[in-house]
Protein chains: 2
Amino acid sequence: MTTGRRPGDSGTRDAILAAAKEGFATQGYAATSLRGVARTAGVDPSLVTHFFGSKDGLFEAALALPVDPAALVETVLGGPTGRLGERIVRTFLLVWDSTPGQGPMLAMLRGAVSHEDSAAKLRDLLLRSILRPVAHAAGADDPDRRAALLASQLIGLAVTRYVLRLEPIASAAPDELAPVMGKTLQRYLTGPL
Amino acid sequence: MTTGRRPGDSGTRDAILAAAKEGFATQGYAATSLRGVARTAGVDPSLVTHFFGSKDGLFEAALALPVDPAALVETVLGGPTGRLGERIVRTFLLVWDSTPGQGPMLAMLRGAVSHEDSAAKLRDLLLRSILRPVAHAAGADDPDRRAALLASQLIGLAVTRYVLRLEPIASAAPDELAPVMGKTLQRYLTGPL
DNA sequence: GTCTATATGATGATAGAC
DNA sequence: GTCTATCATCATATAGAC
């Protein structure tokens, strides 16, 4: 009964999105061009704006995270508080090390550094996904400060490991990093400052 | 006796360099154009390449740090080891908070995130200015690992404070940050991991 | 859904006049 | 030391044919 081409079933849109994710993730916002994206996707440049409206629209779409970080943190915070910091590091690395997650997160990090809109978005995400949940979990004093400290160490981890690729952190196993960095996060969250 | 225009005494080169520093520091490598630099410097675009050869040459020149970080760290490490971490944070913030330092360092950080050459340069700088000196100071086990951990927290501090501008870290006084983060660095350097 | 054509403008770099 | 002129590319975005 359904005759004619059904909408949205040609792989083109996905190909463009995949190419955009890679571009934004590896080169950042400014250095990624619509034409370049179209080239690596093997499609016509016009299709990019046709599907996503503009470069910003494409960027927006490429930034969609495969997981909800807020829910993730919520889950992590739900467990016993003794090894809270360690669990955060483990989950953080798990999400980043999984390929579908690293793309958008790297794109967001790269974007945030030179694209103000993207920086605001990351600030927002951090606030919603880390600061707020943490503010509740660590009912202790100064939740904002504790959460920001936590963010600083996590972002530092991401930058050294995935962007700068500084050894030996870049190739360290999660089991190696979790205890030592977890201890820091644990103190930032529940310990004496 | 010296007749004619002496070389290098027209403020143009400096104006270009200042504009370039600001551009690279606030927008990153890709988003900063030679023409844009020339525009804010109030000079002809050709002069930019005339003085610096190419965009990479200009970038290189804009990255020249006003201080030698290696010497700085060396000095800091020279003092008593008890409050070593705290001194590192204090010095780090001092250098970043001073205007002439923040430009090139921000430029380097922004560049490193999306410009591979710049990332290599920062890796190199970290290695020479932080990893190596630390490897000597903390004669303990695993100096490479300790130094990388230190770098991760310092970079995280820089990104949250100066790039993301995440509160309350962004506007916190050095006196407020030094003790709490210094404690982390202290453990990374000399404490049990 | 796909593409050609095009408007409009910026980019990095060079050659050469003054 | 400064500038004009120019090259060859690239960019984002639109209108409209098929």
Side-chain angles (χ1 to χ4, degrees), chain A residues 2-63 107 110-111 114-118, chain B residues 2-63 107 110-111 114-118:
Chain A
T2 62
T3 61
R5 179 194 272 266
R6 265 143 291 153
D9 60 352
S10 122
T12 306
R13 207 195 117 107
D14 289 346
I16 293 173
L17 196 53
K21 276 179 183 169
E22 198 201 309
F24 288 131
T26 59
Q27 306 164 344
Y29 180 84
T32 302
S33 70
L34 298 189
R35 294 168 112 95
V37 167
R39 213 176 301 127
T40 81
V43 305
D44 189 273
S46 309
L47 293 181
V48 181
T49 61
H50 175 255
F51 281 118
F52 300 96
S54 70
K55 186 176 182 177
D56 278 304
L58 179 63
F59 186 58
E60 197 84 8
L63 250 46
R110 285 216 156 88
S114 51
H115 195 245
E116 182 45 44
D117 284 8
S118 184
Chain B
T2 62
T3 61
R5 181 194 271 269
R6 265 142 293 155
D9 60 352
S10 122
T12 306
R13 208 193 116 107
D14 289 346
I16 293 174
L17 196 52
K21 276 179 183 170
E22 198 201 310
F24 288 130
T26 58
Q27 305 164 344
Y29 180 85
T32 303
S33 70
L34 298 187
R35 296 168 117 96
V37 167
R39 213 176 302 128
T40 80
V43 305
D44 189 274
S46 310
L47 293 180
V48 182
T49 61
H50 175 255
F51 281 119
F52 300 96
S54 69
K55 187 175 181 178
D56 279 305
L58 179 63
F59 186 58
E60 197 84 8
L63 249 45
R110 284 216 155 89
S114 51
H115 196 246
E116 183 45 43
D117 285 7
S118 185

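Chain A is the first sequence line, chain B the second, and so forth, proteins listed ahead of strands; every chain is numbered from 1.
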Report the distance from atom CG of A/Leu47 to atom P of D/dT14, rounded to the nearest whole Å.
15 Å
What string of B, S and - do you get for nucleotides 12-18 of chain C, 5' to 3', when a contact is any protein heavy atom under 4.0 Å?
BSB----
Please table the atom pairs, donor to acceptor, closer than 3.5 Å between any side-chain atom in residues 30-41 of chain B and protein atoms at least two apart or in another chain.
unit_1  : atom_1 : unit_2  : atom_2 : d
B/Thr32 : OG1    : B/Gly23 : O      : 3.0
B/Thr32 : OG1    : B/Gly28 : O      : 2.6
B/Ser33 : OG     : B/Gly36 : N      : 2.8
B/Thr40 : OG1    : B/Val37 : O      : 3.3

Considering only C/dT2, D/dA11, D/dC3, which nucleotide approaches the side chain of B/Asp44 most closely?
D/dC3
Strictly below 4.0 Å: does B/Arg39 bring a side-chain N or O up to OP1 or OP2 of C/dT11?
yes
From CD of A/Gln27 across to P of D/dA11 the rounded distance in Å is 11 Å
Is there any salt bridge (Lys or Arg N to Asp or Glu O under 4.0 Å) pair reaching into residues 46-62 of chain B, and which pairs are they, with sequence neighbours excluded?
B/Glu60-B/Lys121
CZ of A/Phe52 versus P of D/dT12: gap in Å, rounded?
15 Å
Within this structure, what is the CZ-to-P distance between A/Phe51 and C/dC3, rounded to whole angstrom?
10 Å
For A/Phe24 versus A/Arg110, what's the shortest heavy-atom pair and its separation?
O-CB, 4.0 Å
Side chain to side chain donor-acceptor pair (under 3.5 Å) with A/Asp117: which residues, sequence neighbours excluded?
none
Under the rule for side chain to side chain donor-acceptor pair (under 3.5 Å), what residues qualify as partners of B/Ser54, not counting sequence neighbours?
none
side-chain contact (heavy atoms from CB on, under 4.5 Å) filter on A/Glu116, not counting sequence neighbours, yields A/Ala119, A/Ala120, A/Arg123
